[in-house]
S.K.: 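Encoded as structure tokens, here's the structure I'll be asking about.
Counting starts at 1 for both ligands and their atoms, in listed order. Side-chain atoms are counted along with the backbone in the values below, which use heavy atoms only and exclude waters and symmetry mates. Computed from a predicted model, the values in this text were never measured in an experiment.
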Amino acid sequence: MKKTTIVYFLLLTFFAATSLTNCTKGFIPEDDIIPTPPTNQGDTVTYQTHISAVISNSCINCHGGSNPQGNLLLETYTQVRNAVENGTLIQRINDAADPMPTSGLLPAQTRALFDEWVQNGYLEN
Ligand code: HEC
């Protein structure tokens, strides 16, 4: 190979590598632009993975133990499911005038998890 050919080849390789790197850097996944809420993230909503965490964080202080508020226990899958199917859980978490938790509505994305859970047939795990 002639020297100029080698130089040309090296330059070409260099530019190809640089443009590839730029290309990689230039590509920002949509998730990085729009802050993704710490919720579903594409998984199927289940009681174990999503719902029980919300209940533990936002409900169990009042709806657990030996003297639960509103006489409503939300400690197990069956209890939570029952509060949705036969009670007012979905209405109350979406009731701005009388919300659960009492401190105020949960973020919309968190409430949407419950809707998805219901639609998918109350998957346990
Ligand atoms: C700070 C305490 C507190 C927290 C936290 C709380 N609740 Fe309640 N909840 C109450 C009280 C008190 C009542 C009874 C009075 C009423 O219905 O407003 C009640 C009633 C309810 C009822 C109606 C029960 C019935 O059969 O009439 C539902 C459903 C409910 N809560 C769901 C939830 C859910 C779901 C969460 C969490 C997302 C939650 N609550 C968090 C205090 C709380």
S.K.: Is there a protein heavy atom at a distance of less than 4.0 Å from atom 18 (O) of ligand 1?
M.R.: yes
S.K.: Report the part of Leu89 (side chain from C-beta onward, or backbone N, CA, C, O) that has a heavy atom under 4.0 Å from ligand 1; answer both or neither where that applies.
M.R.: both
S.K.: Using a strict cut-off of 4.0 Å, indicate which atoms of ligand 1 neighbour a heavy atom of Pro101.
M.R.: 5 (C), 6 (C), 38 (C), 41 (C)
S.K.: Would one find more than 12 heavy atoms of other residues, nucleotides or ligands at under 6.0 Å from atom CG of Asn86?
M.R.: yes
S.K.: Taking the side chain from Glu85 and the backbone from Asn82, do they hold a donor-acceptor pair closer than 3.5 Å?
M.R.: no
S.K.: Check the pair Tyr77 / Asn125 against side-chain contact (heavy atoms from CB on, under 4.5 Å), numbers first and verdict last.
M.R.: CA-CA 10 Å; Tyr77 167 81; Asn125 44 45; over 6 Å; no
S.K.: For atom 24 (C) of ligand 1, what's the nearest protein heavy-atom neighbour? Residue, atom name and distance, please.
M.R.: Leu72 CD2, 4.1 Å
S.K.: Considering non-hydrogen atoms of the protein only, which is the closest contact for atom 36 (C) of ligand 1, and what is the distance?
M.R.: Cys59 SG, 2.7 Å
S.K.: Could you see which bit of Asn71 sits under 4.0 Å from ligand 1, with heavy atoms only: side chain, backbone, both or neither?
M.R.: neither
S.K.: How far apart are the closest heavy atoms of Ile90 and Asp115, and which atoms are they?
M.R.: CG2-OD1, 4.1 Å
S.K.: Please report the shortest heavy-atom distance between Ile55 and Leu74, naming the atom on each side.
M.R.: CG2-O, 3.3 Å
S.K.: Specify the closest pair of heavy atoms between Leu72 and His63, including all atoms of both residues, with the distance to one decimal.
M.R.: O-ND1, 2.9 Å
S.K.: Report the nearest protein non-hydrogen atom to atom 5 (C) of ligand 1: residue, atom name, distance rounded to 0.1 Å.
M.R.: Ser58 O, 3.2 Å
S.K.: So which heavy atom on Asp98 is nearest to which on Arg92, and how close?
M.R.: O-NE, 2.9 Å
S.K.: Do you see an N/O/S atom of Met100, backbone or side chain, under 2.8 Å from atom 8 (Fe) of ligand 1?
M.R.: yes
S.K.: Within the structure, is a non-hydrogen atom of Ile93 found at a distance of less than 4.0 Å from ligand 1?
M.R.: yes
S.K.: In terms of relative ring orientation, are Trp117 and Tyr47 parallel, tilted or perpendicular, with 30° and 60° separating the classes?
M.R.: tilted
S.K.: Establish whether atom 27 (O) of ligand 1 and some protein heavy atom are separated by less than 4.0 angstrom.
M.R.: no
S.K.: Does His63 bring an N, O or S atom to under 2.8 Å of atom 8 (Fe) of ligand 1?
M.R.: yes
S.K.: Just to confirm my output: which protein heavy-atom neighbour is closest to atom 43 (C) of ligand 1, and how far is it?
M.R.: Cys62 CB, 3.4 Å
S.K.: Can you find a protein heavy atom closer to atom 15 (C) of ligand 1 than 4.0 Å?
M.R.: no
S.K.: Considering all heavy atoms of both residues, which atom of Ile93 and which atom of Arg111 are nearest to each other, and what is their separation?
M.R.: O-CD, 2.9 Å
S.K.: Which is closest to atom 11 (C) of ligand 1 by heavy-atom distance: Arg111, Gln91, Gln69, Arg92?
M.R.: Gln69
